[in-house]
Amino acid sequence: DSGVTQTPKHLITATGQRVTLRCSPRSGDLSVYWYQQSLDQGLQFLIQYYNGEERAKGNILERFSAQQFPDLHSELNLSSLELGDSALYFCASSQGADNEQFFGPGTRLTVL
Amino acid sequence: AQSVTQPDIHITVSEGASLELRCNYSYGATPYLFWYVQSPGQGLQLLLKYFSGDTLVQGIKGFEAEFKRSQSSFNLRKPSVHWSDAAEYFCAVDNNAGNMLTFGGGTRLMVKP
């Protein structure tokens, strides 16, 4: 158990819908990262937040957004969902300056 | 831009045999390198990491990896594989800014009894 929690574990929804994925980092970690794992794209970095501020952006679509709250948990919002958004979404956390990231169990999103 | 290549998509080894999983990276400076393992239905677990210093690093579960700058490689090894090692293994590089990890495509390891 990495100490990073993600909810929900599974999510099934329809095209065009909007969903929110939630992540709680390890106690004391200030950085939260979001990754997408799909069969065709592999594991891709989406976005990073550090202590509430966006710090780095990767291959994140404009339909996706994220935020980190004062209690340091983070949410990833996915809107206007398409079939191709079906994937495993991972959250990871780190202390900040430390480059070691600890991954949560992931949320499996299925878009029908 | 940094990139990571894992040339072997699938590898099958017999239980008790040695294992080497290949990883090549492309990065301008000295990278921070990682190996993660993903068991079916699970998240990613860090096996080991290289930041600097000794180029042979030891990790958990009996794994080790060697950083070879001249070959831009960071291969993962284990002297004797156990059936529980069957999983997918990912090599990753960090851009040294403490943020994004770039992952290789992964190598799926199968272990024959």
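Atoms considered below: every heavy atom in the structure, side chains included; atoms not considered: hydrogens, waters and symmetry mates.
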So what's closer than 4.5 Å to chain B heavy atoms on A:Gln37: side chain, backbone, both or neither? side chain
Within 6.0 angstrom of A:Leu112 CG, more than 12 heavy atoms from elsewhere: yes
Hey, is CD1 on B:Ile9 packed in by over 12 heavy atoms from elsewhere, all under 6.0 Å? no
Residue A:Leu46 versus chain B: region with a heavy atom under 4.5 Å: neither
Contact summary for B:Gln38 and A:Phe90, nearest pair of heavy atoms: NE2-CZ, 3.3 Å
So, the part of B:Gln45 with a heavy atom under 4.5 Å from chain A: the answer is neither
Could you state whether A:Ile47 and A:Leu61 fall into the same hydrophobic cluster, counting links through intermediate Ile, Leu, Val, Met, Phe, Trp or Tyr residues with side-chain heavy atoms under 4.5 angstrom apart? yes
Any donor and acceptor pair, going by atom type alone, linking the side chain of A:Tyr35 with main-chain N or O of B:Leu101 inside 3.5 Å? yes
Side-chain heavy atoms under 4.5 angstrom apart, residues restricted to Ile, Leu, Val, Met, Phe, Trp, Tyr: same cluster for B:Leu44 and B:Met100? yes
Given the rule that I, L, V, M, F, W and Y join up when any side-chain heavy atoms are under 4.5 Å apart, are B:Val4 and B:Tyr27 in one cluster? yes
I need the A:Glu100 CD to B:Asp94 CG distance, nearest 0.5 Å. 11.0 Å
Do A:Leu43 and B:Phe90 touch side chain to side chain, with heavy atoms closer than 4.5 Å? yes
Check the hydrophobic clustering (I, L, V, M, F, W, Y; side-chain heavy atoms under 4.5 Å; chains of links allowed) and say if B:Leu47 and B:Phe67 are grouped together. yes
Do A:Phe103 and B:Gln42 have side chains that get closer than 4.5 Å, going by heavy atoms? no
